[in-house]
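Remarks on the structure that follows.
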Amino acid sequence: MNGKANEIINEINRVIIGKDMVVKKIWMTILSEGHVLLEDVPGVGKTTMALAFAKTLGLDYRRMQFTPDVMPSDVAGFYYYNKEKANFTYRNGAVMTNLFLADEINRTSSRTQSALLEVMEERQVTVDGTTHAVPHPFFVIATQNPVGSAGTQMLPESQLDRFMIKLSMGYPNVEEEIHLMSDRHNSNPLDALEQVITVDELLEMQEEAASVYISPLIYQYIARLSAATRDHELIVLGVSPRGSLALCRMAKANAYLHGRDFVVPEDVQEVLLDVFRHRIVLKSRVRLSEENIEKILGEIQRNVKVPDVKDKKA
């Protein structure tokens with residue numbers, strides 16, 4: 001594993017107790033220039049996770065609590081009349097940052113949710129016909145609470161598809177919760193976190209991860225996995241080509257963190273569930289649950305032939 005990349009994971013694990021795999025996969029998503037959807041109950045550390053990454057990577061950070069009264073202009077920005085300059089001036093929206101935490105995104109209106117679509121895909125916002133680029137790098141970590149759906153707006157498939165992965169942190173076990181409480185008895189561990197890399201170093205790491213080699217056999221493997229979701233008898237909406245590309249990028253990041261400059265099938269398998277789970281829609285006769293989705297995707301993974309790729313020459 002890249003030394004600096006490993007150091008970042010270790011630094012964040014000082015604050016996020018017992019969630020090593022979640023930390024690793026969010027870091028992989030950042031290396032892949034993607035966005036993360038965290039679906040979890042309140043109070044398990046989602047905001048702390050975002051803050052820890054922002055501080056460790058030296059990123060500008062903004063958080064917005066999405067409520068029914070949040071407007072699209074709050075997200076994208078707006079023009080106002082500037083009396084001093086006698087013209088209309090653009091005021092930045094909340095997304096004009098490096099790491100944007102969209103907290104409880106399913107609590108706001110569909111219009112406000114859609115305001116994130118362009119910026120997540122294009123890294124820019126258009127206000128009154130004028131385009132404004134967001135800072136580079138740019139990532140969105142969005143959260144949604146699966147419990148208490150009254151008054152919420154389900155994210156449409158077009159929005160879900162723009163998240164590279166969907167994760168759940170879950171509750172800590174008893175030992176982890178004891179550690180968490182004792183660790184915060186007199187101080188906040190976030191205050192002791194140190195910046196590990198600069199933004200320029202992060203951009204360099206992203207380029208290195210993107211340059212990881214994928215053989216034609218791996219491309220065929222990913223295409224067959226995606227095609228299997230479209231042909232499955234219990235799935236009405238399968239994985240899109242955007243999902244296949246996301247799986248490629250995450251597999252590259254996984255290989256990069258393992259210190260390889262080429263992808264092996266295990267890299268694909270380790271992230272397949274996180275990349276695919278929010279991109280499929282089950283038929284109405286199948287109860288929508290994480291358990292059923294995991295079961296179906298596990299079946300697909302077992303049935304698709306794994307290519308024999310052991311080195312970069314394959």
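These figures come from a predicted structure and were not determined experimentally.
Evaluation of the salt bridge (charged side-chain N to carboxylate O under 4.0 Å, His left out) rule for D267 yields R260 as partners, not counting sequence neighbours. In this view, D103 and T47, R63, Q65, T143 satisfy the side chain to side chain contact (heavy atoms under 4.5 Å, CB included) rule, not counting sequence neighbours. When the side chain to side chain contact (heavy atoms under 4.5 Å, CB included) test is applied to Q195, the partners found at least two apart in sequence or on another chain are T198. Partners of E33 under the side-chain hydrogen bond (donor to acceptor under 3.5 Å, both in side chains) rule, at least two apart in sequence or in another chain, do not exist in this structure. Among residues two or more places apart in sequence or in another chain, the side chain to side chain contact (heavy atoms under 4.5 Å, CB included) test is passed with L190 by V15, T48, L51, A52, N188, L193. Scored by the ring-ring contact (aromatic ring centres under 6.0 Å, His included) test, Y81 finds F88 as partners (sequence neighbours excluded). In terms of the side chain to side chain contact (heavy atoms under 4.5 Å, CB included) criterion, residue partners of P137 (sequence neighbours excluded) are, by chain and number, L59, N98, F139, V199, L202, L203, Q206. K25 is linked by a salt bridge (charged side-chain N to carboxylate O under 4.0 Å, His left out) to D274, counting only residues two or more places apart in sequence or in another chain. In this structure, the side-chain hydrogen bond (donor to acceptor under 3.5 Å, both in side chains) partners of D40, at least two apart in sequence or on a different chain, are S168. In this structure, the side-chain hydrogen bond (donor to acceptor under 3.5 Å, both in side chains) partners of S244, at least two apart in sequence or on a different chain, are S226. Residues that satisfy the side-chain hydrogen bond (donor to acceptor under 3.5 Å, both in side chains) test with T29, not counting sequence neighbours, are absent from this structure.
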Let me see the working for V263 and S215 under side-chain contact (heavy atoms from CB on, under 4.5 Å), right down to the final yes or no. CA-CA 7 Å; V263 172; S215 75; over 6 Å; no
Taking it one step at a time, do Y256 and N254 satisfy side-chain contact (heavy atoms from CB on, under 4.5 Å)? CA-CA 5 Å; Y256 178 73; N254 197 41; over 6 Å; no
Derivation of the side-chain contact (heavy atoms from CB on, under 4.5 Å) call for Y221 and V306: CA-CA 7 Å; Y221 182 47; V306 180; 3.8 Å; yes
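Under a cutoff of 6.0 Å and an axis angle of 45°, R91 and Y80 form a cation-pi pair.
Under the 3.5 Å distance criterion, with hydrogens and angles disregarded, a donor-acceptor pair is assigned to the side chains of T126 and E118.
A salt bridge links E121 with R242: the closest approach of a Lys/Arg side-chain nitrogen to an acidic carboxylate oxygen falls below 4.0 angstrom. Between E11 and R14 a salt bridge is recorded (basic side-chain N to carboxylate O distance below 4.0 Å).
Enclosure of atom CZ in R111 is not indicated, since only 12 or fewer non-hydrogen atoms of other residues, nucleotides or ligands lie within 6.0 angstrom.
No path of Ile, Leu, Val, Met, Phe, Trp and Tyr side chains, each step under 4.5 Å between heavy atoms, connects Y61 with V119, placing them in separate hydrophobic clusters. By the rule that hydrophobic residues join a cluster once side-chain heavy atoms approach within less than 4.5 Å of another member, L257 and M21 end up as members of separate clusters. Residues V134 and L57 do not share a hydrophobic cluster, defined by chaining ILVMFWY side chains whose heavy atoms lie under 4.5 Å apart. With hydrophobic clusters built from ILVMFWY side chains whose heavy atoms lie under 4.5 angstrom apart, V236 does not share a cluster with L160. Hydrophobic clustering keeps V140 apart from I30 (ILVMFWY residues linked when any side-chain heavy atoms are closer than 4.5 Å, directly or through intermediates).
Residues F100 and I141 form no side-chain contact, since every pair of their non-hydrogen atoms from C-beta on lies 4.5 Å or further apart.
Here the CG atom belonging to L273 is positioned 8.5 Å from the CD1 atom belonging to I293, to the nearest 0.5 angstrom. Rounded to the nearest 0.5 angstrom, R277 CZ and L167 CG are separated by 6.5 Å. Atoms CD1 and CZ, from I26 and F53 in turn, are 5.5 Å apart once rounded to the nearest 0.5 Å. Between atom CG of residue L117 and atom CG of residue D161 there is a gap of 10.5 Å, rounded to the nearest 0.5 Å.
A donor-acceptor pair is defined here as one N or O able to donate and one able to accept, closer than 3.5 Å; such a pair exists between the side chain of H278 and the backbone of F163. Side-chain atoms of E176 come within 3.5 Å of backbone N or O of N173 as a donor-acceptor pair. Of the possible donor and acceptor atoms, none in the side chain of R249 sits under 3.5 Å from a partner among the backbone N and O of M28.
A54 approaches L99 most closely through the heavy-atom pair N-CD1, 4.0 Å.
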Donor-acceptor list for residues 66-79 side chains, cut-off 3.5 Å, not counting sequence neighbours:
unit_1: T67; atom_1: OG1; unit_2: D69; atom_2: OD1; d: 2.4
unit_1: D74; atom_1: OD2; unit_2: M71; atom_2: N; d: 2.8
unit_1: Y79; atom_1: OH; unit_2: H132; atom_2: NE2; d: 3.0

